[in-house]
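Take a look at the structure set out below.
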Amino acid sequence: QVQLVESGGGLVQAGGSLRLSCAASERTFRWYAMGWFRQAPGKDREFVAAIRWSSGSTTYVDSVEGRFTVSRDNAKNTVYLQMNSLKPEDTAVYYCAARTITTAAMASLRAYNYWGQGTQVTVSS
C-alpha cells in the first residue's frame, strides 16, 4: 500500500513563505507525475501544481504561477512545494497526490491514484 505523507504546513503571515514536503513510501520510478491540490472550507478540491517525474516538467494553476515552485528529489522519493508571497486566499488543506495514469490533464483530480492525508496552511492578513 503506497503511502504519501505531507509535512511543512503551518501558520504564516501574508507575504511569507512555507515549504511543503511529500514523502512516498516506495520508489517512484513507475509514477507518471505527482501533484499538489488544496481544499478551502466550503470549496471543492482544486489543482495547484504538478511535476512529471521523469522529465521534471511542471504545470501550475494561474493563481500560483510565479509564487509557487514544485520540485522533486528522486533519491528521497519526495516532492516539494515551495510557496512564496503567500496570500490569505492560499489558506487551505494541501494534499499531495501521485498518478500512474499518463492520459488526462495534469489538473485532473480523477487521474491521481494515491493521496496523502493533507496538511493545513493558514495565511493571516
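Keep in mind that what you see is a predicted model, and the values were worked out from it rather than measured.
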query = What heavy-atom pair brings Asn74 and Trp53 nearest, and what distance separates the two atoms?
reply = OD1-NE1, 3.4 Å
request  = Determine, using the 4.5 Å side-chain heavy-atom cutoff (strictly less than), whether Val2 and Val79 are members of one ILVMFWY cluster.
outcome  = yes
task = Please report the closest heavy-atom contact between Cys96 and Leu4, naming both atoms and the distance.
result = SG-CB, 3.7 Å
message = Within this structure, what is the OG-CD distance for the pair Ser21 and Gln82, rounded to the nearest 0.5 Å?
response = 9.5 Å
key: Inter- and intrachain pairs under ring pair (Phe, Tyr, Trp, His ring centres under 6.0 Å), touching residues 54-95, at least two apart   = none
inquiry  = What's the separation between atom CD in Gln120 and atom OG1 in Thr91, rounded to the nearest 0.5 Å?
reply    = 7.5 Å
remark   = Sorted by chain and residue number, the salt bridge (charged side-chain N to carboxylate O under 4.0 Å, His left out) partners of Arg19 (sequence neighbours excluded) come out as none
Within residues 54-93 or reaching into it, pairs that qualify as disulfide bond (SG atoms under 2.5 Å apart) - sequence neighbours excluded = none
remark   = Ser85 and Asp90 have their tightest heavy-atom pair at O-OD2, 4.5 Å
Listed pairs under 3.5 Å, donor-acceptor, residues 102-109 side chains, sequence neighbours left out:
none

remark   = Sorted by chain and residue number, the salt bridge (charged side-chain N to carboxylate O under 4.0 Å, His left out) partners of Glu46 (sequence neighbours excluded) come out as Arg38
inquiry  = If you compare all heavy atoms of Leu18 against all heavy atoms of Gly8, which two are closest, and at what distance to 0.1 Å?
reply    = CD2-O, 3.9 Å
message = How long is the straight-line distance from NZ of Lys87 back to OG of Ser125, given to the nearest 0.5 Å?
response = 14.0 Å
ask   = With a 4.5 Å heavy-atom cut-off, do Leu20 and Met83 have their side chains touching?
value = yes
inquiry  = Within the structure provided, determine whether Tyr32 and Thr100 are in side-chain contact (heavy-atom separation under 4.5 Å).
reply    = no
task = Mind checking ring pair (Phe, Tyr, Trp, His ring centres under 6.0 Å) for Phe37 and listing every partner two or more places apart, or none if nothing turns up?
result = Phe47, Tyr112, Trp115
ask   = Counting N and O atoms only, with roles assigned by atom type, does the side chain of Gln39 sit under 3.5 Å from a partner on the main chain of Ala92, one being a donor and the other an acceptor?
value = no
query = What's the shortest heavy-atom distance between Val93 and Gly118, and which atoms?
reply = CG1-CA, 3.8 Å
note = Note: Val48 and Val64 closest approach over all heavy atoms is O-CG2, 3.7 Å
query = Hey, does Arg52 have a side-chain heavy atom less than 4.5 Å from the side chain of Thr59?
reply = yes
task = Drop me the distance from Arg72's CZ to Cys22's SG, to the nearest 0.5 angstrom.
result = 14.5 Å
request  = Check whether any side-chain N or O of Thr78 sits under 3.5 Å from a backbone N or O of Ala23 as a donor-acceptor pair, and report yes or no.
outcome  = no
note = Rounded to the nearest 0.5 angstrom, the CG-OG1 distance for Leu81 and Thr119 is 11.0 Å
